[in-house]
Each structure stands twice: as C-alpha cells, then as structure tokens.
Amino acid sequence: MRNRYAVANWKMNLPAEGIAAYAAALRPPAAIRMVIAPAFPYLAELRGKVTLAGQNCADQRSGAFTGEVSPVMLRDWGAEFVILGHSERRTLFGETDALIARKLKLALEVGLTPILCVGEDLKIRESGKAAMFVANQIKSAAPEGTAEVVLAYEPIWAIGTGKNATGAMVAEMVKELRAALARFWPAGADERTSILYGGSVTPDNIADLGQQGQIDGYLVGGACLQSSKFSAICEGVARLATA
Ligand code: PGA
C-alpha cells in the first residue's frame, strides 16, 4: 500500500496561533504521514515535534550561492522531505524543468524525499493539453533509482484561488500521471508513487476529492495555517478511498 500524506505548506506565512500551540494541537492519525513545510528559519523550532520538509532547496551541495539553502543543510536541520517545483517557484522565480530535475537528483542523493509538484495553468487546461503538459513535467524530472518520490498534482488555476478541482477532474489527471510514471520513470514507479492533490483544499471540499480523486493525500496551503483545519484534513487523509 502506498504512503498517505497530509503536507502543510506554510509558504512565507506563520500560523496565527503560534508555532508551539500549532504543533502541540496536531495529532495525526497513525495511518498517515503528516509533514510540515515551514520557511527555513522555523525548521529548528519544529524539529523533533513533527516530520519536516523544506519548501525548496538549491541544486548544489555548497558554495558561493548567496541566499540559497543546500539540501544537505536541510537534512542537517532535521528535514526528511523537500517540496520541489512548486508552481510559485516555477512562475514567480523562473524555475525550469531542468533546474528542478537537478534539485530532485541532489535531494535524493543526500537522502531527502522530494515532493515534486506538477500542474497546468488555466490556458493549458482550456486548450486540452493539460495531460501532455504534466506528462512532460514528469518526464523531465525522472529519477534514476527506486527511492521514494512523492508527486503532487497542483493545477495552477486552483492554487490560492478558492477554486478547487473536482474529484472527477483529479481522478482523470491521476490516471494520466500514472501513465506518465509508467512511461518515463523506473519500473514500478507508477504503482508505488503516492500522488497528492493540492489547490484550495479545505475541510469542506475533501469529501468529494477523497472519494472520487484516486489520490494518496493532500498538499495544503491556506487551510494548513490553522491547526484545527489542518487536523480535519489529516483525518480526511485517513479516510481516503483509493482503488
Ligand atoms: P492553497 O495552496 O491550498 O492555498 O491553494 C496549495 C499549494 O500551493 O501548495
């Protein structure tokens, strides 16, 4: 059975209730993996309390790269995961498929589990090319070995907009993603890779996504900043229906 995930992407935000209260309030169900991705300076504060992810990392181990954070440093701070290729990194900071592929390779080399984000924008979806677009993103990030990589399908038009994809739409894309994994990634990746959905996930829309979406969890932005909401989403991950 694939691992099930609830991943909280705080982005450049902090929970209003405070970090200590937030962490103390979370009690993830045993059947799921709950991962928190704070901004880099807060990793140390959460270390030992929750499973941690970086929101990004450099494609180099060390060197003269002002402002960058190496995946080696992330691991030293206690992170086990790293989010890579988030659409905000791709669109606001110009990250290319080639750069993301280098980051993914290095993250795996140093023992981090990458959470690779893929997803189309509205124009691509409306042109009917979403499946081809995400398949290309998957192809260019293909890892070499069989170490775990988590995939997050995050349609850009659904991120932070309050407009989530429906369960049926997600199920259709998950089928395409698994086909791309079978085609471009090492043998067995299509079966073993956990696929998460991200994009305006809230406790109010997880019933449809969870029952219809054929997903293994959620990557959550806005709604993860309140421990009560994120806890409800964690409970939803424990109830997911997958074929
Ligand atoms: P959102 O963000 O839940 O606020 O839409 C999701 C994400 O960007 O990972």
Side-chain angles (χ1 to χ4, degrees), residues 2-11 33-44 46-119 134-154 177-178 180-196 198 216-217 219:
R2 289 187 289 267
N3 288 326
R4 293 183 167 192
Y5 289 96
V7 182
N9 177 9
W10 286 5
K11 308 192 180 185
R33 298 204 72 182
M34 184 189 77
V35 181
I36 311 290
F40 296 134
Y42 303 100
L43 284 164
L46 285 160
R47 186 175 191 169
K49 298 185 177 130
V50 292
T51 302
L52 288 168
Q55 295 178 9
N56 179 31
C57 70
D59 67 335
Q60 305 286 332
R61 285 173 186 264
S62 64
F65 302 102
T66 302
E68 289 292 277
V69 172
S70 156
V72 178
M73 296 167 172
L74 271 183
R75 198 198 50 205
D76 288 348
W77 279 343
E80 294 173 45
F81 292 81
V82 60
I83 298 173
L84 293 176
H86 189 280
S87 66
E88 285 151 19
R89 299 298 318 168
R90 293 177 190 262
T91 58
L92 303 175
F93 300 97
E95 293 200 7
T96 61
D97 282 338
L99 175 65
I100 293 158
R102 288 200 301 277
K103 291 181 176 194
L104 188 130
K105 185 166 186 277
L106 184 59
L108 285 169
E109 266 172 41
V110 309
L112 292 174
T113 301
I115 301 169
L116 173 68
C117 301
V118 298
V134 294
N136 273 328
Q137 288 181 320
I138 284 178
K139 181 181 177 187
S140 65
E144 270 158 29
T146 54
E148 185 180 14
V149 176
V150 179
L151 202 59
Y153 170 57
E154 297 210 303
L177 293 168
R178 293 210 181 280
L181 289 170
R183 197 157 157 218
F184 301 120
W185 282 28
D190 55 329
E191 292 279 326
R192 75 176 160 262
T193 304
S194 298
I195 300 183
L196 321 185
D216 305 300
L219 174 49

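- In this structure a side-chain-to-backbone donor-acceptor pair under 3.5 Å is missing from S87 to R90.
- With values rounded to the nearest 0.5 angstrom, L151 atom CG is found 10.5 Å from I115 atom CD1.
- Partners of R47 according to the salt bridge (charged side-chain N to carboxylate O under 4.0 Å, His left out) rule, which considers only residues two or more places apart in sequence or in another chain, do not exist here.
- Distance alone, capped at 3.5 Å, is enough to place a donor-acceptor pair between the Q55 side chain and the K11 backbone.
- For Y42, the OH atom is loosely surrounded, since the number of other residues' heavy atoms within 6.0 Å does not exceed 12.
- Proximity of L52 to E80: side-chain heavy atoms (C-beta onward) are nowhere separated by under 4.5 Å.
- The side-chain contact (heavy atoms from CB on, under 4.5 Å) search around T146 returns R192, not counting sequence neighbours.
- Rounding to the nearest 0.5 Å gives a distance of 13.5 Å between CG of L196 and OH of Y153.
- Without hydrogens or angle criteria, T193 side chain to V150 main chain gives no donor-acceptor distance under 3.5 Å.
- For the pair R33 (side chain) and R4 (backbone), a donor-acceptor distance under 3.5 Å is absent.
- Side chain of D216 to main chain of I195: a donor-acceptor pair is present (N/O by atom type, distance under 3.5 Å, no hydrogens or angles).
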Throw together a table of side-chain donor-acceptor distances under 3.5 angstrom for residues 100-107, partners on residues two or more places apart or in other chains.
{"residue": "R102", "atom": "NE", "partner": "D59", "partner atom": "OD2", "Å": "2.8"}
{"residue": "R102", "atom": "NH2", "partner": "D59", "partner atom": "OD2", "Å": "3.2"}
{"residue": "K103", "atom": "NZ", "partner": "N56", "partner atom": "OD1", "Å": "2.8"}
{"residue": "K103", "atom": "NZ", "partner": "C57", "partner atom": "O", "Å": "3.1"}
{"residue": "K103", "atom": "NZ", "partner": "E95", "partner atom": "OE1", "Å": "3.3"}
{"residue": "K103", "atom": "NZ", "partner": "E95", "partner atom": "OE2", "Å": "2.8"}

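- Residues P71 and V82 fail the side-chain proximity criterion, which asks for heavy atoms closer than 4.5 Å.
- To the nearest 0.5 Å, atoms CG (L108) and CG (L84) are separated by 9.0 Å.
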TODO: Could you check C117 against I83 for side chain to side chain contact (heavy atoms under 4.5 Å, CB included), going step by step and ending with a plain yes or no?
DONE: CA-CA 7 Å; C117 301; I83 298 173; 3.8 Å; yes
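- Considering only heavy atoms from C-beta on, L46 comes within 4.5 Å of P38 through its side chain.
- Atom-to-atom distance recorded for E154:CD and L116:CG is 10.5 Å, nearest 0.5 angstrom.
- Shown here are the side-chain contact (heavy atoms from CB on, under 4.5 Å) partners of F65, two or more places apart in sequence or in another chain: Q60, E68.
- Residues V35 and Y5 are in side-chain contact: their nearest non-hydrogen atoms beyond the backbone lie under 4.5 Å apart.
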TODO: Check step by step if side chain to side chain contact (heavy atoms under 4.5 Å, CB included) holds for N3 and E148.
DONE: CA-CA 10 Å; N3 288 326; E148 185 180 14; 3.4 Å; yes
Sequence neighbours excluded and cut-off under 3.5 Å, please list the side-chain donor-acceptor pairs for residues 137-145, or say none.
{"residue": "Q137", "atom": "OE1", "partner": "G119", "partner atom": "N", "Å": "2.9"}
{"residue": "S140", "atom": "OG", "partner": "N136", "partner atom": "O", "Å": "3.4"}
{"residue": "S140", "atom": "OG", "partner": "Q137", "partner atom": "O", "Å": "3.2"}

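- Between W185 and D190 there is no side-chain heavy-atom pair separated by less than 4.5 Å.
- Between F40 and W77, the ring planes are tilted. Angles from 30° to 60° get that label.
- Not counting sequence neighbours, the partners of R61 by the salt bridge (charged side-chain N to carboxylate O under 4.0 Å, His left out) test are E109.
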